[in-house]
Protein chains: 2
Amino acid sequence: MRELALKIKIYQVKVLSKSCVYGLRALLYIVSEKPRGAFVNIREISEQLEISFHFLTKTFQVLTEEGMLRSYRGPNGGIALVKEPEDIFLIDIVCALDGPDFFDKCLLGLAGCGEAAPCPAHDFWISHKAALREEFSTTSLAKMGTKINKEKLRLGP
Amino acid sequence: MRELALKIKIYQVKVLSKSCVYGLRALLYIVSEKPRGAFVNIREISEQLEISFHFLTKTFQVLTEEGMLRSYRGPNGGIALVKEPEDIFLIDIVCALDGPDFFDKCLLGLAGCGEAAPCPAHDFWISHKAALREEFSTTSLAKMGTKINKEKLRLGP
DNA sequence: CATATTTAAGATAAAATAGTATTAAATCTT
DNA sequence: AAGATTTAATACTATTTTATCTTAAATATG
């Protein structure tokens, strides 16, 4: 009897890490659903967005270390935004969770790629990444929160 | 004596997988350095671009399975492009190695995100990913090869 | 003060990705 | 035909990312 080999390939292209995506969704949830400066229960967020509680907790810990969130233990505790939503931009969250060089490095991963010694993809890639960086740098949590409520956009399943 | 804990965080944002980047660089090397249709020694490529020989071999195997390359064993063997460099586009390589949905899915990873039920990032993300897809779809290996030679662009260290 | 609630921190496990090594098969050269 | 060269295929190891679990610390409440 011959064996039938079936190979299935799972494709995945990453742009942002899971941690980063969870962080973005969670903060968008907070600004769109909760009053300003309120401490929000992590468990509630994890249930609403169907994200693992412990994983989300660790993600928030990074943001707390970075000074973006403050945390409060005990009953009615949780996490809260330190700054006003107008002053927090998407890029801040991405930088905190995925590093400062988001869309800022060579597509081909060559060290020192730049005007002086460009890789073949340099000039078309640089224009797109600059545009994306601009977009992320100028879009605040407040703006997104308003948009989410007005257009009834979804953050979870 | 107290212990001094030093935590170093390595940041990495992935756009393309290593395998995909290696594949792109390798094929660009072939079209910019070698005569058309020639069989190119994998070892040579790996040494020129400083990529692990075995890893590159595995990457080429995928491209061979996909029908983009043909391979030839034995002395003076190697791999060669099946189609003309004019007819191979960057997106073909990316699709073969990183999957067909490059820049084609929701930034926040929400299944079914689209016009009907968009996530908050949908409309600004969609325009950029469309532009990138367009760029990758219309840039051929031949075009890149010419450009690399004319502008003396680099593919390795 | 005791207890319940909640985040913090660390340990561990699972999954995905990247890299290495070994053996087999095909082809050329002599 | 024998041996050398080179890709193919498989197995193994290491690293990184993601996810889970457990314990500790802080806080509020009765």
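So that the names make sense, note that chain A is the first sequence line, chain B the second, and so on, each numbered from 1.
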Colleague: Is any side-chain N or O of B:Thr57 closer than 4.0 Å to OP1 or OP2 of D:dA8?
Modeller: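 No.
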
Colleague: Using whole Å, what does the distance between atom C1' of nucleotide C:dA8 and atom CG of A:Leu63 come to?
Modeller: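 The distance from CG of A:Leu63 to C1' of C:dA8 comes to 14 Å, rounded to the nearest Å.
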
Colleague: Would you mind classifying the nucleic acid contact of A:Phe60 as base, sugar-phosphate or nothing, using non-hydrogen atoms under 4.0 angstrom?
Modeller: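 The residue A:Phe60 makes no contact with any strand.
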
Colleague: Give the minimum heavy-atom separation between B:Cys113 and A:Arg154, together with the two atoms involved.
Modeller: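 It is N-NH2, 3.3 Å.
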
Colleague: Within the pair A:Lys18 and D:dT17, is there a side-chain N or O less than 4.0 Å away from OP1 or OP2?
Modeller: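 It does not, given that no N or O in the side chain of A:Lys18 lies less than 4.0 Å from OP1 or OP2 of D:dT17.
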
Colleague: Between A:Glu50 and A:Arg25, does any NZ, NE, NH1 or NH2 come within less than 4.0 Å of an OD or OE carboxylate oxygen?
Modeller: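 Answer for the salt bridge query: no.
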
Colleague: Take the protein atom CG of B:Leu69 and the nucleotide atom C1' of D:dT6, then report the distance between them rounded to whole Å.
Modeller: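 In whole Å, D:dT6 C1' lies 16 Å from B:Leu69 CG.
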
Colleague: Please state how far atom CD in A:Glu65 lies from atom P in C:dA8, giving the value in whole angstrom units.
Modeller: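 Distance, rounded to whole Å: 10 Å.
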
Colleague: Ignoring backbone atoms, test whether A:Ser52 places a side-chain nitrogen or oxygen under 4.0 Å from the OP1 or OP2 oxygen of D:dT20.
Modeller: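 It does, given that an N or O in the side chain of A:Ser52 lies less than 4.0 Å from OP1 or OP2 of D:dT20.
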
Colleague: Name the nucleic acid region contacted by B:Tyr22, choosing base, sugar-phosphate or nothing; use a 4.0 angstrom heavy-atom cut-off, strictly under.
Modeller: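 Since only primed, P, OP1 and OP2 atoms lie under 4.0 Å of B:Tyr22, the category is sugar-phosphate.
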
Colleague: Return whichever of B:Pro75 or B:Ile79 has its heavy-atom-nearest nucleotide of DNA chain D closer to the 5' end.
Modeller: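 The residue whose closest nucleotide sits nearer the 5' end is B:Pro75.
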
Colleague: Expressed in angstrom and rounded to an integer, what is the separation of B:Phe53 atom CZ from D:dA8 atom C1'?
Modeller: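 These atoms are roughly 10 Å apart.
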
Colleague: Between D:dT6 and B:Asn76, is there an OP1 or OP2 to side-chain N/O distance shorter than 4.0 Å?
Modeller: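 For D:dT6, OP1/OP2 do not have a side-chain N/O of B:Asn76 under 4.0 Å.
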
Colleague: Quickly work out the A:Ile51 CD1 to D:dT20 P distance and round it to whole Å.
Modeller: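 In whole Å, D:dT20 P and A:Ile51 CD1 are 12 Å from each other.
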
Colleague: What is the distance, to the nearest angstrom, from the CZ atom on B:Arg73 to the P atom on C:dT27?
Modeller: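 B:Arg73 atom CZ is separated from C:dT27 atom P by 8 Å.
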
Colleague: Measure from the side chain of A:Phe55, starting at C-beta and using heavy atoms only, and say which of D:dT20, C:dA18, C:dT20 lies closest.
Modeller: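 Closest nucleotide to the A:Phe55 side chain: D:dT20.
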
Colleague: With the threshold set at 4.0 Å, does a side-chain nitrogen-carboxylate oxygen contact exist between A:Lys129 and A:Glu134?
Modeller: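 Looking at A:Glu134 together with A:Lys129, the answer is no, because their closest N to O distance does not fall below 4.0 Å.
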
Colleague: Look at the side chain of B:His54 and decide which nucleotide, out of C:dA21, D:dC21, D:dT7, has an atom nearest to it.
Modeller: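 The answer is C:dA21, which lies nearest to the side chain.
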
Colleague: What is the distance from CD1 of B:Ile42 to P of D:dA9, rounded to the nearest Å?
Modeller: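 Roughly 11 Å, once rounded to whole Å.
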
Colleague: Quick one: is D:dA8 close enough that its OP1 or OP2 comes under 4.0 Å of any side-chain N or O from B:Tyr72?
Modeller: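 B:Tyr72 to D:dA8 OP1/OP2: no side-chain N or O under 4.0 Å.
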
Colleague: Would you check if B:Leu153 and B:Lys147 make a side-chain contact, meaning some heavy-atom pair closer than 4.5 Å?
Modeller: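 Yes, close enough: below the 4.5 Å cut-off.
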
Colleague: How close or far is atom C1' of C:dA18 from atom CG of B:Asp98, stated in whole angstroms?
Modeller: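 Roughly 13 Å, once rounded to whole Å.
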
Colleague: Donor-acceptor pair under 3.5 Å: do we get one between B:Lys58's side chain and the base of C:dG19?
Modeller: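 Flag set: donor-acceptor pair detected.
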
Colleague: Counting the benzene-type ring for Trp, do A:Phe136 and B:Phe124 have ring centres under 6.0 Å apart?
Modeller: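 Yes, the ring of A:Phe136 comes within the 6.0 Å limit of the ring of B:Phe124, centre to centre.
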
